[in-house]
Each structure stands twice: as structure tokens, then as C-alpha cells.
Amino acid sequence: MAKKEESSWGQNLSQKRFAVLSFFRLATMPSGDDGSDRANLVENEATIIQVDDLTKVATSRQIAVGSANNNGVEKWCACILGFLGVITTILGMILILGMFNGLSGQDVAVPETCETPACHKIAAELLSFMDHSVAPCDDFYQHACGGWIKLHPATIDDADNTTSVLTEVTKHNTMLIREILESHEPLDGAGEKAKHFYVSCLKKKQMDLDEKQSLDWISVKEDTTHGSDDDFWSGDEDWLELTRLEKTFTNLRSRVKPFLGMKDKNESISLTCVTLTQSFFQDVTARLFATKTYGVEKMEKVRLMLDEVSDIYQRKVAQLSWMDNATKAYLMTKLANTSYQLGYPMSIMDTKQEIENYGHVVVSPDAFSYSANVDALEIHNILNYLNEDNSEIEFVAEANAVYQYWKDVLYIPAGITMEPFISFEYPDIIIYAKFAITLGHEYTHAFDEYIRGAWGNHGIKPSGVSPSAFATFDKISKCLQKQYDHFPIVNSSVAVNGTSTWDENLADVLGLDVALSIFQEKYAKNYRPLPGMEFVDFKQVFFVAAAQVECRSFSGEQARERVLKEFFEQESHSPNSIRVLGQMANNDEFSNAFNCEVGSRYNPREKCRVFY
């Protein structure tokens, strides 16, 4: 196992960097005749600069500056000792830099650091989100996310008593739509009708709250019995019946749930009303959100990254040792022609059509018109979207990406192209660690589909895949299933089900592989270290940034256990900590970067490999 002290790489390196600066200040700062200024500096910073053999230098320097007095001879001796201290300090700095360069395999100079405000912000976040007390080869998820969990504790206000990076981004996107709806600026298209509905919802629910002194227009029942989901919803005469709502909006329950039961009842009301407005005005709110957050530049950046993912995937397929040439040619053609939709459907930008679509709908902003507004809009949605797949509009503001195999289309909506995943101010290493990994994940679903076919689990293979290639891929899938079955969840009685989650696990593993390959091949040569991480290998930074996408917190152990159980009852993904474990444990670059011992948790002797 890795030594405990090796875990705090960011912290230790930051201290070493500070030690060098401290010695430089010590050697060059002006001093009074009695040497008091420099002596005070030594005393104040002694605990910080106790690094390696430099302690000896600090001790000798302290003696030198502390023994000076007003005697002329002693002052002359102090000057000589001070000069020697400067020389010793400089030599110490050279030795430290030489040590770091030796460790990193580089020749000489200190690398040029990225000093932009965004780089400083990202560096501070990366380090503060980590738990430096946990060795990366023991529990990399805790190592990367321990600080985030402390800084973002879930409360009973959060849906299911848990929150995550993705949850926080989706909540932020909802707040952006609220900001638009509450703007005093007139909205184009049918935007004013959406605003009127939102206002009527606010007024009606606020009126209910004022009358009853509680938010009993909806009651939130803690699920301790795993009863029917209908138990979650109950309401007064003003609230829509759940059964009626879900006939029109199948995912409304999950979208509203994060905002129910919040201690701040006004915030709960407003965010719930935003979500209802999104449901009734899907195309309108999607357009307003996309216009505010998703420009041409961002679309072109995402398109470039998708092209890079497609290209690297095709080249990796071409190099597969276990696949025949005919199957390779089939897969490379399929991968090259995979369709994708970026940001939003272009059709929602037609405001003239939007006005025509909602022309017959009358929406009033007063509280007493709320129920009539709901009735009119529900009829409108039923008539307009009956037997129509509207998912591409529904996805626009969600922090999610989807591959729909029945359409063979990747959806990368505007909602997932937000911070902390992507920003034009971010350095490439962050964009590729946090966002390209998502693109690689979704592309892997297409790759999997092209090999196994829509009903691959039933043994029906696509005509372009040879029996031997199909059999080898099936063997790889069984390797992942078995591996994840044996992944223990720390401090939990819940067991991972590698069979029900294997396709998502495969996408996690290959998504990381592809994203890192792109960065190494095209961007690593221009990598500028983040502040405080000048001597940290860029791969370590990449892996930490990638893992921090999966950070999740719980309000307590009971909530954690319940949510983990629900993962296997309702989710096709593994729990967040297991997703990180599977990604890193199957990646040789990770174990090399952190020098994990062979046979350790994050460097198992047997790994499940596709690209070989």
C-alpha cells in the first residue's frame, strides 16, 4: 500500500514551494542592527519551513541572525555569517528545484505557471476539495472528494438527503431560468406567457403558505418503508393530482423533488414554480436558457471535442489486437457517422412559430387564475406533443448527456456545458478531465451498441461484427461484471451489482481512457501548471479533476445507505465512489502516476482492458 505521507501531494508540494519562498525572503529582507526582523521571520515561519534537509539551514540561519549585537566585531561576523546564509539558501533552492526536476524527469527550469484568475480559482478548488489525509492508492475517491463533501454537506432539505456535483449544476441551471423569468425585461416569443404562469404559481403558492403558515400545499414524507412513490405526493385542493400530471410529464416528479421540503419555503416555492413552468413551456424555457448560456463559440468547442473523441476512438479500434479487420472497418465507419445534437434543437429558436403555437393559450398572472392556467396548458401540451418524442427539448437545461440507441444520436445539451465542466477561461487539462470524459462516456455507449446490437444481451449481434469479435467483447463484459461484483463500498452493507451496471461501468472506464489520450496527444505539450502545483505531474492533476466530477455527499449514514440501495433498484450507474474506483483501477496511467503498488485496491493484478 502507498505510504500515508505520500497522499498529501498538493499540500506537501505547496509547503515545499512556500519553503523556498520563505528562505528567499529570509535571505534578502532588510534587517535592523540587532537582526530582529529576520529573527522574527525565522521564529514565525519555522514550523512551515521544516522541509527535508532545509531544517538544518533554518537552524543555522536562526543562530546567525539571532546572535548579532552592537559590538563591531560581532556585527562584522554576523555580516559574514549572513552572507554565508544567503549562499546556503540559494544552494538549498537549487537542490530543491533539482530534486523536483529529477522526480518529474524534466531537465531544468521551473515550469511557467498559469497565472490567470481562472487558474488560481481552479487550483484553490482542486486542493480544497481534496482530503490530503487519505492516500490516493488506498481510496482515491475520498482523496479527491473528501474536502468537497465537507464543503457541500447534504441536508434534509436536499432530495433524498443527498447532493452531488451534477445536482448542484442542475439546481444552478434552474436558478438561471428563474432569473430570466423574474427579469423586468420583456421576453420575446411566448416568453411573457411563461412569465405570467410563473408569477401566478408564485402568488398562488405564497397565498397558500400565508394562509396556513406552512407549506402544506405539498407534503414531503420521508421514505423509510420504500412504499409507493405516490406516497411522496399529497396535496390540497389546489394541487394537481399526480396521476394527471404524470400522464403529460413523465419525469416531473424527479425534477420537482429536489426543491420540496426545503427549510426556506419561499425558495422552495419559487424553484418548484420554475420547474412547473419548464414543464408547461418546455420549448420556451429551453430557448431562453440556451440563448443566455450557449453561444456559437461554445457549440464549436463542443463539436471540436466530439470530433476528437470520434477520431481517437477510430484509431484505437484500428489498433485492437483481438478484432478482425472486417469488424474494425464496420465499427470505424459506424463511429465516424454517429450523429449528435449539440446544445439545443434549432427548431426552438423560431419565435414566430412559438407565438403561433401558444397563440390560443390564455395565461393570466394572478393567483386565482393559476388552476385555469394549468388546465389550459395541460391541454395545449397534450394536443401538441401527443405521440411525439420531445426529449431533446426536455434535456436542454439538464446537467446530463444521453446516447439514444434507437435513434443512434448523442445529445449533449446546453445544461451540461456549464461550469465546473467547461469554460473558455479554463485550461485544457480541466476541460478534458471534466468534460471530454463525458463525451467519451457517451461515445462508448455507441461503441457498445455497434458491437452488441440493441438486443445484445439476448445474443443477437449486428451483421458487421464477426463471431470472434463478439465473443471477445462478451468476455470483456464478463470481466467487468465480475470485477465490479467484488468492489466493496466502504462502510456500507450494500453490494455492487456488476451485471446491471456493466454497460455504464464500461463507459466510465473507456471515457476516462479516451479523454486522457486526447489531452496527452494534443494538449499536454502546452500544459502550464496550476498555481501551487508547479511540480505535480499533470496526470495526477488530470485524475483528481476527473474524479471530482463524481463527488457526492449525504446528510447522514442512514440516508447514505438508503440512497446506495436505491442506486441498484433504480439506477443503471454504479455509486459515485465505485465509478471512480472502476475508472482508476483499470487505468495503467493512474497506477503509474501515483505509484500504486501492484495488487493494491487501485492497481489490481487483473484489469479489464478493451484497448489492447
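In the model, Y294 has no side-chain atom that pairs as donor or acceptor with a side-chain atom of Y344 under 3.5 Å. For the residue pair Y340 / E442, no side-chain donor-acceptor distance below 3.5 Å is found, with atom types taken as modelled. With 3.5 Å as the limit, one finds no donor-acceptor pair spanning the side chains of E504 and S574. No side-chain donor from either of T417 and K301 sits under 3.5 Å from a side-chain acceptor of the other.
No option in I416, N576, V549 other than I416 meets the side chain to side chain contact (heavy atoms under 4.5 Å, CB included) test with L166. Residue D508 forms a side-chain hydrogen bond (donor to acceptor under 3.5 Å, both in side chains) with just one option from H441, Q583, H573, and that option is H441.
Salt-bridge formation is detected for the pair E179/K292: a Lys NZ or Arg NE/NH1/NH2 atom is positioned less than 4.0 Å from an Asp or Glu carboxylate oxygen. For K121 and E125, the salt-bridge test passes: some basic side-chain N is under 4.0 Å from an acidic carboxylate O. Using a 4.0 Å cut-off between charged nitrogen and carboxylate oxygen, R287 and D283 do not count as a salt-bridge pair.
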Query raised in the report: Can you list the steps and then say if Y313 with F611 is a ring pair (Phe, Tyr, Trp, His ring centres under 6.0 Å)?
Result: CA-CA 10 Å; Y313 233 114; F611 297 136; 5.6 Å; yes
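Shown here are the salt bridge (Lys or Arg N to Asp or Glu O under 4.0 Å) partners of D448, two or more places apart in sequence or in another chain: R452. With sequence neighbours excluded, the residues that form a salt bridge (Lys or Arg N to Asp or Glu O under 4.0 Å) with K607 are D588.
Using a 30° and 60° split on the angle between ring planes, F590 and F140 fall in the perpendicular class, above 60°. Ring planes of F519 and F542: tilted class, angle from 30 to 60°.
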